[in-house]
Amino acid sequence: MCDALTVAISVTALALAAWCGFAAYRNQPTKDWHFIGMGVVAVLGLVQLLIGIVQLTRGERPEQGSVIFVAYLLGAFACIPAAGFMSLSERTRWGSLTVSAGGVVLAVLEVRLFDIWGG
């Protein structure tokens with residue numbers, strides 16, 4: 001795995017979580033700018049998914065097993081888009097809080113992916 005990409009995803013996910021958490025604190029729903037931020041984090045997750053799949057097809061293996069690694073990769077990729085869709089259905093401060101929670105979950109998933117790979 002690319003350690004720099006893992007750190008970048010974690011940092012941007014936590015920044016998104018703080019940004020949306022502040023919006024929830026101010027009693028605001030998710031806005032267009034939040035969705036742009038979610039798009040940036042989702043693209044980084046897609047890049048990580050593709051890199052992980054390429055590494056697996058080249059024969060590199062994670063220390064804790066390929067199945068759990070792929071499961072965490074897919075979960076990390078889907079985390080922010082799922083939170084974004086849920087925030088669309090809840091157009092109150094709770095939608096912003098949902099995206100904030102999704103950012104924190106993604107950061108935790110990234111730490112676990114690093115650990116599974118053998119970091």
Side-chain angles (χ1 to χ4, degrees):
M1 283 300 294
C2 180
D3 295 341
L5 182 60
T6 302
V7 170
I9 293 172
S10 297
V11 168
T12 56
L14 290 174
L16 179 67
W19 188 21
C20 290
F22 184 67
Y25 172 75
R26 294 181 58 202
N27 204 18
Q28 296 176 343
T30 50
K31 308 259 175 156
D32 290 341
W33 291 107
H34 296 119
F35 287 100
I36 292 171
M38 285 183 253
V40 169
V41 176
V43 166
L44 289 174
L46 177 63
V47 169
Q48 184 181 42
L49 176 68
L50 294 175
I51 288 174
I53 290 171
V54 166
Q55 285 182 328
L56 288 174
T57 57
R58 286 189 352 207
E60 299 177 38
R61 297 288 174 231
E63 284 185 6
Q64 297 183 18
S66 298
V67 174
I68 194 161
F69 178 72
V70 170
Y72 270 89
L73 267 179
L74 291 173
F77 170 68
C79 184
I80 294 299
F85 282 121
M86 289 189 333
S87 76
L88 283 174
S89 66
E90 184 62 45
R91 300 300 295 162
T92 64
R93 70 185 292 189
W94 298 106
S96 295
L97 201 59
T98 300
V99 175
S100 181
V104 172
V105 167
L106 178 57
V108 171
L109 287 173
E110 290 298 319
V111 170
R112 183 67 180 120
L113 271 170
F114 180 75
D115 186 45
I116 290 170
W117 189 260

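Note that the numbering runs from 1 along the sequence shown for the chain.
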What ring-ring contact (aromatic ring centres under 6.0 Å, His included) pairs are there with at least one residue in residues 36-58, not counting sequence neighbours? none
Indicate the atoms forming the closest heavy-atom contact of A76 with L106, along with that distance. O-CD1, 3.3 Å
Taking every non-hydrogen atom, the tightest pair across G102 and A83: CA-CB, 4.3 Å
Smallest separation among heavy atoms of L56 and P62, with atom names: CD2-CD, 3.7 Å
Any pair with a residue in residues 80-106 that passes ring-ring contact (aromatic ring centres under 6.0 Å, His included), sequence neighbours left out, goes on the list, sorted by first then second residue, please. none
Counterpart residues, side chain to side chain contact (heavy atoms under 4.5 Å, CB included), relative to L50 (two or more places apart): L46
Do the side chains of T98 and E90 get nearer than 4.5 Å, heavy atoms only? no
V108: partners by side chain to side chain contact (heavy atoms under 4.5 Å, CB included), with sequence neighbours left out: none
Are L73 and F77 grouped together when hydrophobic residues (ILVMFWY) are joined by side-chain heavy atoms under 4.5 angstrom apart? yes
Residues two or more places apart in sequence or in another chain: which of them pass side chain to side chain donor-acceptor pair (under 3.5 Å) with E60? R58
Any heavy-atom pair between the side chains of T30 and S96 that's under 4.5 Å? yes
Check whether V47 and M38 end up in the same hydrophobic cluster, where Ile, Leu, Val, Met, Phe, Trp and Tyr are linked by side-chain heavy atoms less than 4.5 Å apart. yes
Taking side chain to side chain contact (heavy atoms under 4.5 Å, CB included) as the definition, give me every residue that meets it alongside R112, ordered by chain and number, with sequence neighbours left out. Q64, I68, Y72, D115, I116
Return each pair, listed once, that meets ring-ring contact (aromatic ring centres under 6.0 Å, His included) where at least one residue sits in residues 46-71; pairs must be two or more places apart or across chains. F69-W117
Transitively linked via ILVMFWY side-chain contacts under 4.5 Å: V41 with L5? yes
What closest approach, in Å, do G95 and S87 show between heavy atoms, and which atom pair accounts for it? O-CB, 3.3 Å
Enter the distance from H34:NE2 to S100:OG here, rounded to the nearest 0.5 Å. 10.0 Å
Hydrophobic cluster membership, I36 vs V99, 4.5 Å side-chain cutoff: yes
Rounded to the nearest 0.5 Å, what separation is found between the CG atom of L49 and the CG atom of L113? 10.0 Å
Taking side chain to side chain donor-acceptor pair (under 3.5 Å) as the definition, give me every residue that meets it alongside S66, ordered by chain and number, with sequence neighbours left out. none
Which atom pairs, donor and acceptor, lie under 3.5 Å between side-chain atoms of residues 9-28 and protein residues at least two apart or in another chain?
residue: S10; atom: OG; partner: T6; partner atom: O; Å: 3.0
residue: T12; atom: OG1; partner: A8; partner atom: O; Å: 2.9
residue: T12; atom: OG1; partner: I9; partner atom: O; Å: 3.1

Results of salt bridge (Lys or Arg N to Asp or Glu O under 4.0 Å) for R91 - residues two or more places apart only: none
